[in-house]
Amino acid sequence: MSKPMPAELPGFARNAVNLASAGLGAKGLFATDEFFAPLERMLADQPAVFIEDKYDDNGKWMDGWESRRKRVLGHDFAVVRLAAAGRIDGFDVDTSHFTGNYPPAARIEACNVAGDPDDATVWTEVLATSPLGPSAHHYLASQSSEIFTHVRLHIYPDGGVARLRVYGQPFLDRSKVGNGEIELSASLNGGRIIGFSDAHYGAYHRLLAPGRGLNMGDGWETSRRRVPGNEWIVIALGARGVLSRAIVDTAYYKGNFPDSCSIQAADMSEFGTDADDALITASMFWPDLIAPQKLKADHVHDLSAHLIDLGPVTHVRLNIFPDGGISRLKLSGRLA
């Protein structure tokens with residue numbers, strides 16, 4: 001049975017790439033104050049946690065960025081280098097577990113610079129001052145569709161933010177790619193997951209992350225299927241292209257790797273960006289890009305020799321039989 005992503009989330013939080021993901025390469029560059037908790041924790045991919053009775057030298061240990069109580073005029077802010085330059089669609093300013101120490105308001109600016117910003121950098125407001133509440137996700141739309149490389153989060157006047165998610169679409173500079181091969185499924189190139197049958201374990205968005213999985217929680221893993229059928233996940237490629245290389249990696253999945261997999265693909269260029277539900281339905285009828293292939297435990301499977309030439313495609317559907325875990329999917333080819 002299909003278990004789509006939660007409908008209560010705004011579209012940008014369900015279907016875009018988190019450009020502020022530390023796992024994709026985002027980095028905290030500067031904070032006016034990080035006395036209670038360092039900026040780097042705010043960019044972690046895992047949901048924030050609260051650990052009862054955990055303290056450090058400065059006080060209560062908190063999972064996020066937290067400044068000290070301000071006793072002078074002004075406010076705190078932090079600068080983050082995004083994992084990739086891209087269009088920003090929206091934000092999640094998450095104050096989970098910050099109950100008496102959350103900022104009452106936040107504002108976000110962004111810039112597009114080579115290297116990192118300096119005192120001469122011109123910043124653009126992409127989120128006007130917005131109220132925040134205790135221990136909650138705050139999904140807020142971006143006010144600009146330009147391409148940015150960095151964001152600056154202002155909190156008023158001080159306090160803690162558990163996680164900052166910057167949802168958007170990485171910018172793919174076609175002039176730099178040329179006729180060379182590019183990993184079209186990669187998150188950093190704009191690949192994104194638009195739906196799946198089940199994602200009970202792990203972190204499904206890491207399926208399209210760089211490198212190999214770090215552990216069994218760093219990938220897409222389903223629960224044990226107890227009814228006929230198989231599990232699947234549908235992916236929009238970063239750009240329309242002709243695929244020439246396919247890697248399916250079951251790193252760390254040893255007693256829970258799928259018995260086999262197949263990949264379907266199609267050119268769905270005529271579908272708009274808001275047609276994900278229709279695309280998921282249509283995916284049942286897409287032709288095979290790779291017919292079913294047996295898989296092994298904890299292994300990098302190069303299935304490139306089994307690719308069927310379908311011409312240019314925009315979307316793929318990875319099927320696993322009957323269930324289990326896949327650490328990474330890497331589909332490469334040339335831009336159409």
**Prompt:** Checking salt bridge (Lys or Arg N to Asp or Glu O under 4.0 Å) for the pair Arg212/Asp218: CA distance, chi angles, key distance, verdict?
**Reply:** CA-CA 9 Å; Arg212 297 197 73 195; Asp218 191 25; over 6 Å; no
Nearest-0.5 Å distance, [atom1] of residue [X] to [atom2] of residue [Y]:
X: Ile247; Y: Leu303; atom1: CD1; atom2: CG; result: 7.0 Å
X: Asp89; Y: Gln169; atom1: CG; atom2: CD; result: 7.5 Å
X: Leu243; Y: Ser304; atom1: CG; atom2: OG; result: 10.0 Å
X: Glu125; Y: Ser144; atom1: CD; atom2: OG; result: 11.0 Å
X: Ile263; Y: Leu307; atom1: CD1; atom2: CG; result: 7.5 Å
X: Leu82; Y: Phe148; atom1: CG; atom2: CZ; result: 10.0 Å

**Asked** In terms of hydrophobic clustering (I, L, V, M, F, W, Y; side-chain heavy atoms under 4.5 Å; direct or indirect links), are Ile320 and Leu289 co-clustered?
**Response**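 Ile320 and Leu289: one cluster.
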**Message:** Under 4.5 Å between side-chain heavy atoms, counting indirect links through other Ile/Leu/Val/Met/Phe/Trp/Tyr residues: same cluster for Leu295 and Leu329 or not?
**Reply:**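 Leu295 clusters together with Leu329.
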Test your reading of the model: is there a side-chain donor-acceptor pair from [X] to the backbone of [Y], 3.5 Å cut-off?
X: Gln143; Y: Ala128; value: yes
X: Thr250; Y: Asp298; value: yes
X: Ser96; Y: Val49; value: no
X: Arg41; Y: Met62; value: yes
X: Ser197; Y: Trp232; value: yes
X: Ser185; Y: Leu237; value: no
X: Asp288; Y: Ile290; value: no
X: Arg165; Y: Ala20; value: no
X: Ser21; Y: Asp45; value: no
X: Arg317; Y: Ser262; value: no

More than 12 foreign heavy atoms under 6.0 Å from [atom1] of [X]: is that the case here?
X: Arg69; atom1: CZ; answer: no
X: Lys60; atom1: NZ; answer: yes
X: Arg245; atom1: CZ; answer: no

**Prompt:** For the side chain to side chain donor-acceptor pair (under 3.5 Å) test, which of Asp63, Thr95, Asp94 pairs with Arg163?
**Reply:**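 With Arg163 as partner, side chain to side chain donor-acceptor pair (under 3.5 Å) holds for just one option, Asp63.
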Can [X] and [Y] be counted as having a side-chain donor-acceptor contact under 3.5 angstrom?
X: Ser244; Y: Glu181; answer: yes
X: Asp198; Y: Ser223; answer: yes
X: Glu66; Y: Asn101; answer: yes

**Message:** Testing the basics here: between Leu184 and Gly241, what is the closest heavy-atom pair and its distance to 0.1 Å?
**Reply:**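 So the minimum-distance heavy-atom pair works out to CD1-CA, 3.9 Å.
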**Prompt:** How about Phe12 and Phe91: are their ring centres within less than 6.0 Å of each other?
**Reply:**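 That pair fails the under 6.0 Å test.
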**Request:** Would you please classify the geometry between the His301 ring and the His299 ring as parallel, tilted or perpendicular, with 30° and 60° separating the classes?
**Result:**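 It falls in the perpendicular class, over 60°.
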I'd like to know if [X] and [Y] make a salt bridge, using a cut-off of under 4.0 Å between side-chain N and carboxylate O.
X: Arg68; Y: Asp76; value: no
X: Lys27; Y: Asp116; value: no
X: Lys330; Y: Asp249; value: no

**Geometric cation-pi criterion Lys70 and Tyr156, 6.0 Å radius, 45° cone** =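 Verdict for Tyr156: no cation-pi partner in Lys70.
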**Prompt:** Run the side chain to side chain contact (heavy atoms under 4.5 Å, CB included) check on Trp286 and Val234 step by step: do they pass?
**Reply:** CA-CA 11 Å; Trp286 294 347; Val234 178; 4.1 Å; yes
